[in-house]
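So that the names make sense, note that chain A is the first sequence line, chain B the second, and so on, each numbered from 1.
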There are 2 protein chains.
Amino acid sequence: MEARANGEGSTPLYLRVRDQLANQIEAGLLAANTRLPSERVLAESHGTTRVTTRLALAQLEAEGRIYRSNRRGWFVSPPRLVYNPTQDYSFSDNVTSQGRTPATETLEVTTTEVAPWLANKTGLAVGDAIVRLRRRRQVDGRPVLVENIYLNPKRLPGIEQYDFNRSLWKLLREKFSVELQGKRIEMFPTALVDPQAEALGVNAGTAGLYVTRRSHDADGVFVEFDEEFWLHDTLSIQVEVQ
Amino acid sequence: MEARANGEGSTPLYLRVRDQLANQIEAGLLAANTRLPSERVLAESHGTTRVTTRLALAQLEAEGRIYRSNRRGWFVSPPRLVYNPTQDYSFSDNVTSQGRTPATETLEVTTTEVAPWLANKTGLAVGDAIVRLRRRRQVDGRPVLVENIYLNPKRLPGIEQYDFNRSLWKLLREKFSVELQGKRIEMFPTALVDPQAEALGVNAGTAGLYVTRRSHDADGVFVEFDEEFWLHDTLSIQVEVQ
DNA sequence: TCGCCAAACTGGTCTATACCAGATGAGCGA
DNA sequence: TCGCTCATCTGGTATAGACCAGTTTGGCGA
């Protein structure tokens with residue numbers, strides 16, 4: 001707050017490094033998905049060490065301005081994807097309409113029994129049969145989320161035989177005449193830990209947004225429960241009501 | 001993935017420290033709002049240095065399990081507050097109904113002109129008069145958010161004279177007969193930077209959730225635009241549709 | 001008894017260095 | 001030309017210190 005003898009002012013060094021990099025990004029000198037200079041180079045060019053430089057980079061990462069790709073380097077984050085979790089929607093259509101390129105990979109399809117925590121979320125009974133679908137979704141080649149989807153096989157018989165690399169919503173509508181009617185959405189920011197972090201190719205502890213969604217059909221029958229794990233810098237939630 | 005000669009396994013040391021602390025929290029050995037041992041003590045008791053210990057603490061912080069109070073120590077995070085941004089609601093009532101104690105402080109009330117970015121969000125014209133209200137809100141004595149509220153003085157004449165330490169929604173309803181009708185909500189995880197970080201008493205770069213809300217009345221007239229800056233570990237968003 | 005002050009303690013910032021592990025690319029050999 | 005190997009690059013993890021700047025607390029003095 002007060003003036004210091006130190007000509008640099010009282011701002012910590014790592015925040016000054018942060019500011020310089022942020023300015024370069026904002027000025028357009030560093031375009032989206034551009035690689036930053038390596039930590040060693042940045043450290044030397046700012047007259048400091050890697051430890052301090054990494055503090056500055058971690059700040060920018062927390063703000064969602066840059067992201068890291070394991071042992072490959074730091075990159076400038078592209079704009080956030082606008083996402084409305086209350087709508088039935090096709091990820092693919094949504095991404096495409098924003099001028100980006102989507103991709104979906106099905107990681108796993110299994111039939112298991114409802115665990116207690118899931119019973120609590122879905123209203124099903126513990127031990128009921130449930131179809132579990134695990135997918136990873138990318139935007140412009142970067143994985144941005146993994147999701148676990150739990151489908152009610154009573155309402156959706158034979159669902160496990162279909163191709164899940166397309167829009168699930170369209171599948172439900174066309175093959176099972178499901179019009180999703182009510183949704184209960186919960187979400188909070190947290191760090192991504194291991195099965196999810198690994199699937200997204202990021203370090204455990206990377207900031208994320210956890211989104212869950214429970215949907216039922218027009219008759220009030222439970223249809224599906226979603227768990228989505230997003231990288232925190234990749235999305236902006238948008239909801240409209242009434 | 002493969003077995004190592006190292007008896008500790010291949011997990012990095014800071015993640016093993018993290019796990020030990022997380023287990024103690026989950027086992028209930030460390031209750032909500034309890035202070036953890038100091039970094040120096042933790043470092044010694046785990047046979048490592050402060051740098052590594054701080055990595056472990058930063059992980060737990062990112063997950064929302066612990067939080068820091070500037071130069072006072074690390075504390076166990078209490079449960080997240082459940083919050084529905086689509087509802088007209090009283091913060092005070094909401095917090096109280098979850099068995100917690102709320103507090104609100106009005107930091108600033110000013111009348112200014114609509115800036116371009118705000119015009120873009122509200123639909124007002126650049127240069128129009130607008131009332132700006134800045135508040136800080138606490139739960140159990142911990143500040144959890146700061147908010148900037150922009151109120152339309154055309155729809156709410158004399159609004160700047162009221163007491164803002166109570167529910168704004170009730171004020172609008174009782175004094176101006178406003179029934180908020182439509183809302184457009186946007187939110188994304190990001191780091192809290194300086195005016196907000198300082199108001200909340202946290203370091204710049206602390207993880208947060210940025211929430212904006214635009215409301216109009218039954219006639220479609222713009223009433224208010226909110227910007228809320230939450231600490232990321234303090235809330236869980238819950239939305240219900242149709 | 002009360003209030004103030006100083007010591008002790010806390011996290012915050014920073015240097016300097018080391019080695020590990022995955023990603024990459026140049027160049028060699030078939 | 002194609003495929004593989006290996007040196008070199010990257011970030012990831014870790015040690016061992018140092019000093020700074022707020023917070024807390026215990027004890028002293030009025």
Interatomic distance where [atom1] belongs to [X] and [atom2] belongs to [N] [whole Å]:
X	N	atom1	atom2	result
B/Leu13	C/dC20	CG	C1'	14 Å
B/Phe75	D/dT23	CZ	C1'	11 Å
A/Leu57	D/dG11	CG	P	8 Å
B/Arg72	C/dG12	CZ	C1'	16 Å
B/Gln59	D/dG12	CD	P	12 Å
A/Glu44	C/dA16	CD	P	12 Å
B/Leu42	C/dC9	CG	C1'	15 Å
B/Glu39	D/dC19	CD	P	19 Å

- [ ] May I ask you to decide if the ring planes of B/Trp117 and B/Tyr150 are parallel, tilted or perpendicular, using 30° and 60° as cut-offs?
- [x] perpendicular

- [ ] Assign each of A/Thr52 and A/Arg71 to its nearest nucleotide of DNA chain C by heavy atoms, then name whichever residue's nucleotide is nearer the 5' end.
- [x] A/Thr52

Open item on the list: Any base atoms under 4.0 Å from A/Thr49, or only sugar-phosphate, or nothing? Heavy atoms, all strands.
Closed with: base

TODO: Look at all strands and tell whether B/Ser69 reaches a base, only sugar-phosphate, or nothing, counting heavy atoms closer than 4.0 Å.
DONE: nothing

- [ ] Classify the side chain of B/Arg50 versus the base of D/dG17 as yes if they form a donor-acceptor pair under 3.5 Å and no if they do not.
- [x] no

Open item on the list: Using a distance-only criterion (donor-acceptor N/O pair, under 3.5 Å, no hydrogens), is the base of D/dG11 paired with the side chain of A/Arg40?
Closed with: yes

Task: Side chain proximity check, B/Phe91 to B/Tyr83, heavy atoms < 4.5 angstrom - done: no

Task: Check: B/Thr96 side chain, B/Ser92 main-chain N or O, donor-acceptor pair, under 3.5 Å - done: yes

Can you find a side chain N or O atom of [X] that sits less than 4.0 Å from OP1 or OP2 on [N]?
X	N	value
A/Asn70	C/dA23	no
B/Arg68	C/dT10	no
B/Thr48	D/dT15	yes

Open item on the list: Is the positively charged end of B/Arg68 above the ring of B/Phe75, judged by distance under 6.0 angstrom from the centroid and angle within 45° of the axis?
Closed with: no

Task: Geometric cation-pi criterion B/Arg213 and B/Phe225, 6.0 Å radius, 45° cone - done: no

